Amino acid sequence: MIKQDLQNALSMTIKELYGLEIAASDLLVVPTKKEYKGDFTLTVFPIAGKVKKAPPVASKEIGDRMVTKGDILSYEVVQGFLNMELNRQSWIHALTNIYNDNSFGHGAPKDQTVLVEYCSPNTNKPLHLGHIRNMLLGSSTARILEVLGYNVKRIQVINDRGIAICKSMLAWQKWAHGATPESTHIKGDHFVGDYYVLFERHFREEYTSWQSGPEAEKEFSQRKDLSTAKEDFFSEYKNVYFNKFSPLGKEAREMLLSWEANDPEVKALWAKMNQWVYKGFEETCNKLGVYFDSSDYESVTYLLGKDAVEKGLSKGIFYKKEDGSAWINLEDAGMDQKLVLRSDGTSIYITQDFGTAQMRYEKYHMDKCIYVVANEQDYHFKVLFEILKRFKEPYAGGLYHLSYGMVELPEGKMKSREGTVVDADDLIDEVISEAKANASERGELNGLSSEDQNKIIESIALGAIKFFMLKVNPKKGMVFNPKESVDLQGQTGPYIQNAFVRIQSVLRKSNSFDASLIHEYKNILPEEKELLILVETYPSVVNKAGTEYDPSEIANYAYALAKAFHKFYHEVPILRADDPAALQFRLTLSKVVGNTLREAFDLLGISMPERM
RNA sequence: GGUCCGGUAGCUCAGCUGGAUAGAGCAACUGCCUUCUAAGCAGUAGGUCAAAGGUUCGAAUCCUUUCCGGAUCACCA
C-alpha cells in the first residue's frame with residue numbers, strides 16, 4: 001500500500017532524525033492538493049511542535065532524509081506541508097499488488113455471529129418509502145459485515161397481530177363479498193391494505209355522524225379545557241371514541257379478543273389474509289434483492305419476556321408496584337422509570353424485545369445484534385440496551401441501534417391517513433419506466449433480446465433508487481421528491497454503472513492482456529495516480545463502513561472512484577495508447593477499477609450491467 | 001420542560017478523530033460526439049459552513065451559550 005508504506009518510512013525517518021516515536025498511522029498523510037507539485041503531503045506542524053523546530057525547517061530535514069534513503073523521488077516544502085513525489089516503482093507495485101489480490105477489500109473470517117434485523121413491516125398495509133430505506137440500509141450493512149468476515153444472519157420481525165390487522169379483517173368480512181387477490185388481480189399486500197383504508201373510511205363516516213348526536217354533545221360539554229374548539233376537540237377525541245362508543249371499534253376489538261382466545265374462525269381468516277400479504281411482500285423484496293434468513297412473528301413473540309421479568313424481579317433489577325405491574329428504575333443512567341410488565345401480567349413492547357433477544361441468543365449465540373429501526377425509537381433502544389446490560393447478557397456489549405432519519409416529502413411527513421405515502425411498488429415501477437424511456441432513446445441495447453434489455457433496465461432503475469437512498473448518511477433525515485423521481489444522471493447509481501460499462505467495453509475490445517508488461521511503464525500520469533490512490537483506499541473504506549454501520553461511506557466512495565475513472569477515460573487513451581507498456585498499465589488499472597466498483601456496488605446490493 | 005439528532009450553494013448531499021483557496025450533483029448558462037458507450041467530459045455562475053463567544057500557529061470540524069427544525073419522554077407497537 002502506497003500510503004501505509006510512506007507513513008512507515010516517514011515514521012522511521014522521524015525516529016532516526018529526532019528520536020521521536022510516532023505511530024505510522026498517526027502521521028497525517030493525504031494526497032497532495034492539485035495546486036501543488038507532489039503526490040502525497042505530510043502535515044509537519046504537529047511534529048515540528050514536538051521537536052521544537054520551525055515547521056519549514058523540520059519539513060526540509062525530513063524531506064532530505066527521505067530522498068537520501070530512496071523512499072521518495074523528490075519533495076517540496078510549503079510552510080509546514082511536506083509535498084512528496086513518489087518513485088515510479090511505488091505506483092507499479094501498488095497496481096500489481098491490487099491486481100493480484102483475490103480478496104481485495106475482504107476481511108479475514110472472524111468467527112463471530114452478527115444478527116441484523118431490518119424491515120419490520122406491518123401486515124395491514126404495503127411497504128412504502130420508509131421501508132425501502134430501512135431494507136436497503138439493513139441488507140447493505142449485512143453484506144458489508146459479511147464481507148468483513150462476520151457470520152451474518154438477516155432477520156425480520158413481522159408485526160402480524162394487533163388491532164390494525166383486525167381492522168383489515170373486519171372490513172374484508174363486511175364488504176369484500178369473498179373477493180381475493182387472485183379474483184381481483186391485486187397484489188396481496190395492496191389488497192389487504194385497501195381493506196384497512198376502507199375500514200378507516202367507514203369508521204370516519206361513522207364518527208362524523210356521531211358527532212352531531214347527543215352522546216357527542218355530552219362529551220364535548222364535559223371537556224377539560226372549555227376553550228377548545230369543537231373541531232379540535234373531536235380530532236383529538238378520535239381514539240377515545242374508537243374505544244368507547246364506536247360500533248365498528250367494538251367489533252374490531254372483539255375480533256382481537258377472539259384472536260387472542262384462539263377462535264378458530266378468526267385465526268383462519270387472519271392466517272389467510274397474512275398469507276396474501278406475505279406473498280406481496282416477497283414480490284417487493286425480490287425486486288429489491290432483499291432477503292431474510294429467518295423471520296420472527298410478533299404473534300409469537302408478544303408473549304415472550306415474562307420469564308425474564310421474573311428473573312429480573314428475583315435479581316432485584318426490577319421491582320413490583322402494588323397493582324402488580326413491574327418496573328425498572330433507570331434514573332441513575334439518566335433515564336426514567338420504565339414499565340416492563342402490565343398490571344394484568346401481560347408483556348409490553350419492550351418486554352417482548354428482551355424476550356426476543358434471549359430467544360435469538362439461544363438460537364444463534366450471536367456476538368452482536370444490529371437493529372435497523374427509525375430514529376423515533378432511539379429512546380426505546382437506549383432503555384432496552386440498558387436493561388440487557390443489567391441482565392449481564394453475553395451479547396449486551398454488541399448491541400447497536402442503526403438509527404436512521406425518516407424519509408420526508410417536500411411538503412412534510414408522509415401520512416397514510418392523508419394518502420401522502422409513497423408506495424414502494426409504485427416508486428419502483430415509475431423509475432423503471434423512466435429508465436426504459438432513456439434506454440430506448442439511447443439505443444445502446446438495440447441488438448439484445450427483450451429479456452436481456454429488461455434485465456439491464458431493471459438493474460439501472462434499481463441502481464438509481466438504491467444509490468439515491470444509500471448515499472445519504474443514515475442518521476440524517478432525507479427529503480424525497482416524487483415529482484423529480486430519481487435522477488439517472490450526475491451523482492447517481494447509473495453514473496457509476498456507466499463507468500463500469502465503459503470499462504467492460506474497453507476490456508472486450510482489447511485482444512492482448514499481459515500484466516507483466518506494466519513494469520516497463522515509464523510516465524505515470526496524474527489521472528492514473530489519482531485512480532490508483534482511490535482504489536487503494538477501498539479496504540479502509542469498507543472497514544469504516546463496517547465499524548460505523550454506514551453504507552453511505554461505500555456509496556460516496558464508489559461515486560468518487562467512478563468520477564475519477566470517467567475523467568481518466570476522457571483524458572487518457574487506453575486502447576490507443578502509444579506504447580505497449582502504457583496499454584497494459586491502463587488496461588490493468590481499468591480492470592482493477594472495474595472490479596472495485598463492482599465490489600462496492602455488491603455491498604450496496606446493486607448489480608452491474610455489462611452494457612447500458 | 002428533560003433527553004437525543006440535525007442546520008454547509010436556490011435544491012439534494014459530501015467534508016466533522018482540527019490543516020493549504022469549503023467540495024460534488026441537480027437546476028441555469030457555455031463548449032465538446034467521423035477516435036475506447038455523451039447515463040460522459042470541460043467551463044461560467046452560485047457560500048457570513050444557523051449566530052455569538054472560546055480553545056490554537058491553524059476551526060465547517062473541538063468547547064460553551066443562543067436560535068431554528070425533527071424525534072422522544074404511554075399499562076400503543
Side-chain angles (χ1 to χ4, degrees), chain A residues 26 28 30 32-33 35-36 41 43-46 48-49 55 78-81 83 120 122 157 159 161-164 239 298 302 321 323-327 334-336 338-344 346-350 352-353 374-380 382-383 403 405-406 408 410 412-413 435 438-439 441-444 460 463-464 468 471-473 475-481 484 487-499 501-510 552-553 555-556 559-560 562-563 565-577 586 590 611-612:
Chain A
D26 288 342
L28 193 63
V30 293
T32 302
K33 294 227 166 199
E35 302 83 48
Y36 300 93
T41 296
T43 305
V44 188
F45 292 98
V78 183
Q79 297 165 26
F81 299 99
N83 299 331
S120 320
N122 295 315
V157 171
N159 300 305
R161 52 148 250 127
I163 194 74
N239 280 335
E298 204 215 333
Y302 89 110
K321 283 195 178 172
D323 62 2
S325 57
W327 294 74
M335 288 172 265
D336 303 317
K338 177 84 190 168
L339 179 87
V340 291
L341 196 71
R342 291 193 188 96
S343 49
D344 65 5
T346 56
S347 48
I348 60 165
Y349 184 43
I350 197 149
Q352 293 168 35
D353 264 3
N375 62 8
E376 58 189 353
Q377 294 196 30
D378 284 355
Y379 184 71
H380 168 77
K382 227 176 126 188
V383 172
S403 163
M406 310 286 257
E408 290 191 8
K413 265 185 98 165
N438 279 28
E441 206 173 293
R442 285 163 54 83
E444 287 284 346
I460 293 167
F468 183 89
K471 74 177 178 188
V472 181
N473 187 307
K475 70 180 166 191
K476 281 200 174 186
M478 61 184 291
V479 178
F480 181 84
N481 191 338
E484 290 170 12
D487 281 331
L488 303 175
Q489 261 108 32
Q491 194 176 28
T492 66
Y495 173 94
I496 296 157
Q497 288 171 323
N498 186 232
V501 163
R502 283 178 145 183
I503 292 169
Q504 301 318 303
S505 174
V506 168
L507 293 176
R508 245 180 270 127
K509 286 179 179 159
S510 70
S552 74
E553 291 280 344
N556 289 313
Y559 174 69
K563 189 175 162 64
F565 182 80
H566 276 306
K567 188 191 167 81
F568 163 76
Y569 178 89
H570 189 262
E571 304 281 334
V572 180
I574 304 171
L575 296 173
R576 292 175 292 111
R586 288 170 196 164
S590 301
R611 54 188 82 217
M612 66 192 281

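Labels below follow one simple rule: chain letters A, B, ... track the order of the sequence lines, proteins then strands, and each chain is numbered from 1. The model shown is predicted, which means the values in this text are computed figures rather than measured ones.
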Between U61(B) and G6(B), how many Å separate the two P atoms, rounded to a whole number? 14 Å
Atom CZ of Arg502(A) and atom C1' of C33(B) are separated, to the nearest Å, by 11 Å
When the distance from CD1 of Ile574(A) to P of G40(B) is rounded to whole Å, what number comes out? 17 Å
Nearest-angstrom distance from the residue atom NZ of Lys471(A) to C1' of U12(B): 6 Å
If you look at every strand shown and take non-hydrogen atoms under 4.0 Å, does Ile163(A) touch a base, only sugar-phosphate, or nothing? nothing
Decide, applying a 5.5 Å centre-distance limit and a 30° plane-angle limit (both strict), whether Phe45(A) stacks on G58(B). no
Once you apply a heavy-atom cut-off of 4.0 Å, does Val572(A) come out as touching a base, just sugar-phosphate, or nothing? base
Gap between atoms CD and C1', on Glu571(A) and C36(B) respectively (whole Å): 14 Å
Any Lys476(A) side-chain nitrogen or oxygen under 4.0 Å from OP1 or OP2 of A14(B): yes
Heavy-atom contacts, protein to nucleotides 71-77 of chain B, under 4.0 Å, summarised as B (base), S (sugar-phosphate only) or - (none) per nt, yield SSS-BSB
Base of A14(B) paired with side chain of Tyr559(A) (donor-acceptor, under 3.5 Å): no
P atom, G18(B) versus C26(B): distance in rounded Å? 33 Å
Quick one: label Gly477(A) by what it contacts on the DNA or RNA (base, sugar-phosphate, nothing), any heavy atom closer than 4.0 Å. sugar-phosphate
Pair assignment for C33(B), Watson-Crick or G-U wobble, requiring both distances under 3.5 Å: none
Is the shortest heavy-atom distance from the side chain of Met406(A) to the side chain of Glu376(A) under 4.5 Å? yes
All heavy atoms of Ile496(A) vs all of Ala562(A), minimum pair found to be CG1-CB, 3.7 Å
Roughly how far, to the nearest 0.5 Å, is CZ of Arg611(A) from CD of Gln504(A)? 10.5 Å
Please compare Gln491(A) and Val501(A) by the position of their nearest nucleotide in RNA chain B and report the one closer to 5'. Gln491(A)
Taking the six-membered ring of Trp327(A), is NZ or CZ of Lys321(A) closer than 6.0 Å to its centre and within 45° of its axis? yes
Searching all strands shown, indicate the nucleotide that pairs with A71(B) (Watson-Crick or G-U wobble; both distances under 3.5 Å). U3(B)
Would you check if there is a donor-acceptor pair between the side chains of Thr41(A) and Asn83(A) at a distance under 3.5 Å? yes
Syn or anti for C4(B) (syn when the glycosidic angle lies within 90° of 0): anti
Side chains of Gln79(A) and Pro55(A): does their closest heavy-atom pair fall under 4.5 Å? no
Would you mind classifying the nucleic acid contact of Pro46(A) as base, sugar-phosphate or nothing, using non-hydrogen atoms under 4.0 angstrom? base
Under 5.5 Å centre to centre and under 30° between planes: does that hold for Phe81(A) and the six-membered base ring of A20(B)? yes
Counting the atoms with a prime plus P, OP1 and OP2 as sugar-phosphate, which does Asn83(A) contact under 4.0 Å by heavy atoms, base, sugar-phosphate, or nothing? base
Report yes if some heavy atom in the side chain of His566(A) is under 4.5 Å from a heavy atom in the side chain of Arg502(A); otherwise report no. yes
Please state the C1' separation for the pair G15(B) and A60(B) - nearest whole angstrom. 8 Å
Using the closest heavy atom to pick a nucleotide of RNA chain B for each, name whichever of Val78(A) or Tyr569(A) lands nearer the 5' end. Val78(A)
Side-chain N or O of Tyr495(A) versus OP1/OP2 of A38(B): is the shortest distance under 4.0 Å? no
Which value, in whole Å, describes the distance between the C1' atoms of nucleotides A27(B) and A74(B)? 45 Å
Does Lys567(A) make a side-chain N or O approach to OP1 or OP2 of A42(B) shorter than 4.0 Å? yes
Verify the contact: side-chain N or O of Lys475(A) to OP1 or OP2 of G6(B), cut-off strictly under 4.0 Å; return yes or no. yes
Distance check needed: C4(B) P versus Met335(A) CE, whole Å only. 11 Å
When the distance from CD of Glu444(A) to C1' of G40(B) is rounded to whole Å, what number comes out? 12 Å
Watson-Crick/G-U partner (both atom distances under 3.5 Å) of G18(B): none
Looking at U56(B), which nucleotide sits across from it as a Watson-Crick or G-U wobble partner, both distances under 3.5 angstrom, or is there none? none
Less than 4.5 Å apart, any side-chain heavy atom of Val383(A) and any of Ile350(A)? yes
Please work out if Thr41(A) contacts a base, only the sugar-phosphate, or nothing of the nucleic acid, heavy-atom cut-off 4.0 Å. base
Side-chain donor-acceptor contact under 3.5 Å, Gln377(A) with Tyr349(A): yes
Pair Thr492(A)-Lys471(A), side-chain contact (heavy atoms from CB on, under 4.5 Å): steps then yes or no: CA-CA 9 Å; Thr492(A) 66; Lys471(A) 74 177 178 188; 5.9 Å; no
With Tyr559(A) as reference, evaluate Phe468(A), Tyr495(A), Phe565(A) under the ring pair (Phe, Tyr, Trp, His ring centres under 6.0 Å) test and give the passing residue. Tyr495(A)
What integer distance in Å separates Gln489(A):CD from C41(B):P? 11 Å
Expressed in whole Å, how much space separates the P atoms belonging to C13(B) and A9(B)? 12 Å
Rounded to whole angstrom, note down the C1' distance from U8(B) over to U48(B). 12 Å
Give one of base, sugar-phosphate or nothing for Arg576(A), where a contact means two heavy atoms less than 4.0 Å apart. base
Could you please name the option among C36(B), A14(B), G25(B) that lies closest to any side-chain atom of Lys563(A)? G25(B)
His566(A) NE2 to G40(B) C1', straight-line distance once rounded to whole Å: 6 Å
Check: Phe45(A) ring centre within less than 6.0 Å of Phe81(A) ring centre: yes
If pairing means Watson-Crick or G-U wobble with both distances under 3.5 Å, then the partner of C26(B) is G10(B)
Donor on one side chain, acceptor on other, Tyr302(A) and Asn159(A), under 3.5 Å: no
Quantified in whole Å, what is the P atom distance between nucleotide C63(B) and nucleotide G70(B)? 25 Å
In whole Å, what separates the C1' atom of A45(B) from that of C11(B)? 16 Å
Given side-chain hydrogen bond (donor to acceptor under 3.5 Å, both in side chains), test Ser552(A) with Asn473(A) step by step and report yes or no. CA-CA 5 Å; Ser552(A) 74; Asn473(A) 187 307; 4.7 Å; no
A45(B) pairs with, by Watson-Crick or G-U criteria that keep both distances under 3.5 Å: none
Listed pairs, N/O of protein and of nucleotides 44-47 of chain B, under 3.5 Å:
none

Check every atom of U37(B), G40(B), G19(B) against the side chain of His570(A) and return the nucleotide holding the closest atom. G40(B)
Does G19(B) have its OP1 or OP2 closer than 4.0 Å to a side-chain nitrogen or oxygen of Thr43(A)? no
